[in-house]
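Working notes for the structure below.
Order of listing sets the numbers, starting from 1, for every ligand and every atom in it.
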Amino acid sequence: MVRRATELRQQLQRHDRQYYVLDAPLIADAEYDALFTELQALEADYPALLSADSPTQRVGGQALADFAAVRHPQPMLSLRKANTEDELRDFDRRVTEALARNPVQYTAEPKLDGLAVSLTYEHGVLVQGATRGDGQTGEDITANLRTLRQIPLRLQGDDIPPRIDVRGEVFLPLAGFRRWCEEAVAKGEKPPVNPRNAAAGSLRQLDSRITAQRPLAFYAYGVGYSEGWTAPPLHSQAMPLLARWGFPVSDLIETVAGADGCLRYFEKMSALRAQLPFDIDGVVFKLDDLAGREELGTVAREPRWACAYKFAAEEAETLLENVEFQVGRTGAVTPVARLKPVFVGGATVSNATLHNMDEVARKDIRIGDAVIVRRAGDVIPEVKEVVLAKRPADTRVVALPTACPVCGGRVEREDGEAVARCTNGLSCQAQLHGALMHFVSRRAMDIEGLGEKLLTQLIEQGQVRTAADIYALQAGALSGLERMGEKSARNLIAAIESSKATTLARFLYALGIRDVGEATARELAAHFGTLDALLAAARADAPTAHADKDKERCPQLRAVPDIGPIVAAHVSHFFVEPGNLAVVQALRDAGVHWPQPAAAERRGPLLGKTLVITGTLPMARDQVAAQIEAAGGKVTSSVSAKTDFVVAGTEAGSKLAKAQKLGVAILDYDALLDLVRDTSNEP
Ligand code: IVH
């Protein structure tokens with residue numbers, strides 16, 4: 001009986017270590033449970049077999065009234081801090097000077113963000129576990145520490161000291177922390193503030209059954225008091241010993257040489273930090289050789305031989321002095337916090353993003369508030385939250401401007417959209433570069449030779465402030481630009497000149513109206529025939545562009561096939577914006593023109609027919625569309641019962657399927673050519 005109990009205990013201990021310390025289980029959970037139940041039954045039948053180091057004895061049966069005080073035979077020290085590279089070099093200089101040896105070896109370790117504990121083992125059995133307390137006296141939390149499966153109840157090996165205190169950190173890995181938070185929220189309870197607090201709260205439970213449910217973890221990082229044992233001369237030799245006895249020891253521990261080695265390790269950990277499954281708040285450097293430690297000694301509870309180099313805090317409190325609005329390349333109007341400068345995440349921060357107005361409302365951010373600013377790694381600083389307790393009486397509410405701070409154009413925010421936008425896409429300087437790149441692109445005005453870099457130069461020099469300015473460029477001024485010879489300047493002027501002859505569809509597409517792609521531009525051109533007709537419809541629809549119900553929105557523009565309420569509203573907003581209208585007029589004045597839908601052009605074999613193009617055709621889709629339009633037909637993007645023909649190339653997909661379903665006539669490219677060339681029904 002005794003033999004079987006001992007055997008079971010040893011097996012379970014071994015499996016605990018494999019599972020919790022080495023992360024390499026040897027048996028299935030069910031097998032483990034069977035061994036565990038067998039031991040429990042044996043111990044229940046023969047209470048004399050029970051021992052404190054039995055794996056069945058991790059969780060106690062009764063809550064304590066209080067924690068007893070424990071005096072540490074060797075004080076639990078704290079660490080001096082270095083906040084900057086200079087301070088770290090100072091630390092190293094003092095050590096090297098005192099020991100008259102350079103460089104010295106340090107062990108470099110992650111600084112775990114949890115709680116220091118001291119574990120006392122007598123003849124290999126855990127007899128006591130204590131908190132650090134004030135360093136001299138801590139609290140006896142043995143019952144709670146016994147519940148951590150990573151803490152061995154009995155040490156393994158034949159070189160175990162008769163008595164030894166092992167020091168280390170209890171912490172809560174992030175996965176466990178996140179799960180805990182989710183569960184708390186689901187239950188309507190308050191989630192823990194951070195993993196450190198959660199770990200501290202767990203260890204301070206008077207009822208160890210609660211601690212047992214918390215997914216705490218442990219790493220050993222040193223040895224305190226011992227009896228009947230001589231420590232190896234180097235710390236880096238003691239750590240593998242602890243691992244062999246059954247303690248979890250971080251595999252991130254390294255030995256490094258001098259301040260440079262320390263700094264390299266710090267960089268490495270800074271980069272690794274975000275990927276670790278637990279929080280670390282810095283790194284710890286400790287003189288490796290114990291004789292040197294003796295020599296250096298301790299001042300005011302901080303050893304001269306060790307130092308903590310902490311990561312810069314990622315959050316700081318400061319004053320939100322103002323909120324301003326920035327306009328991005330796409331016209332997005334974004335609120336930006338102007339802050340009283342504060343040092344956070346290793347840099348001085350005076351601006352932070354507020355993302356959008358929904359975020360401002362959700363966080364209830366007001367000008368004049370005390371706010372918490374967060375800057376983690378290379379991420380853009382953000383205002384994380386308001387310190388409501390400190391809110392002064394005279395804060396001001398943040399209001400979205402109605403006019404664009406860059407160009408004065410109207411700012412619109414669609415229902416259900418978080419982002420507000422400047423509608424003056426054509427003459428807003430913030431949007432200029434993006435708008436012009438699109439304007440000159442091949443499928444738009446097709447101005448060859450006007451590339452991104454050239455546009456940037458022209459904008460920076462103030463030669464181009466709107467798309468219309470492109471048509472005022474002179475070869476003389478161009479040839480002075482970087483990488484622009486006389487010949488290419490002349491070619492560019494010629495390309496600009498020939499781009500003036502275009503189509504209404506291309507012109508509308510070139511304007512870069514939100515959500516108006518080539519197909520929609522063609523629909524608009526075909527439906528209205530002239531730009532003036534379109535402008536009139538946009539103006540007529542303007543009062544309804546904000547209607548609450550889609551059905552009532554923009555009736556005139558909605559009459560265009562395939563145009564829904566949102567696109568219609570964008571078109572209307574665009575063409576009532578005076579800045580845009582001025583540019584459109586200036587472009588016409590500069591000579592940009594397109595054929596008017598004269599009666600003569602409204603002819604052809606496909607007159608009155610609606611076609612949809614799908615799949616891969618022998619030539620570019622816009623060329624095919626142009627052929628159809630030249631034959632009087634209309635090209636739309638989606639198949640409906642009103643579609644007359646679907647022109648299907650290879651790899652046609654859902655549109656072809658829909659045409660087949662609706663019984664719409666399907667043409668291949670050759671059949672289309674036959675139709676287009678058919679002049680028999682021309683008047
Ligand atoms: S050594 C003299 N090593 O940092 C050496 N401490 O400010 C004292 N800590 O209370 C501790 N990771 O809670 C050491 N690898 C590590 C550590 C570490 C975290 C904590 C520990 C201690 C505090 C010292």
TODO: Measure centre to centre between the rings of Phe247 and Tyr121, then say whether the value is under 6.0 Å.
DONE: yes
Open item on the list: For a quick check: using heavy atoms under 4.0 Å, what are the residues in contact with ligand 1, sorted by chain and number?
Closed with: Leu77, Leu79, Glu109, Pro110, Lys111, Leu112, Ala116, Arg132, Glu169, Tyr221, Val284, Lys286, Pro303, Trp305
Task: Distance flag, aromatic centroids of Tyr106 and Tyr265, threshold under 6.0 Å - done: no
May I have the list of side-chain donor-acceptor pairs in residues 190-198 shorter than 3.5 Å, sequence neighbours left out?
residue: Asn194; atom: OD1; partner: Arg196; partner atom: N; Å: 3.2
residue: Asn194; atom: OD1; partner: Asn197; partner atom: N; Å: 2.7
residue: Arg196; atom: NH1; partner: Gly114; partner atom: O; Å: 2.7

Open item on the list: I'd like to check the salt bridge (charged side-chain N to carboxylate O under 4.0 Å, His left out) partners of Asp159; sequence neighbours left out, ordered by chain and number.
Closed with: Arg244
Open item on the list: Please report whether the ring centroid of Tyr219 lies less than 6.0 Å from that of Phe171.
Closed with: yes
- [ ] State which residues pass salt bridge (charged side-chain N to carboxylate O under 4.0 Å, His left out) with Glu31; sequence neighbours excluded, sorted by chain then number.
- [x] none
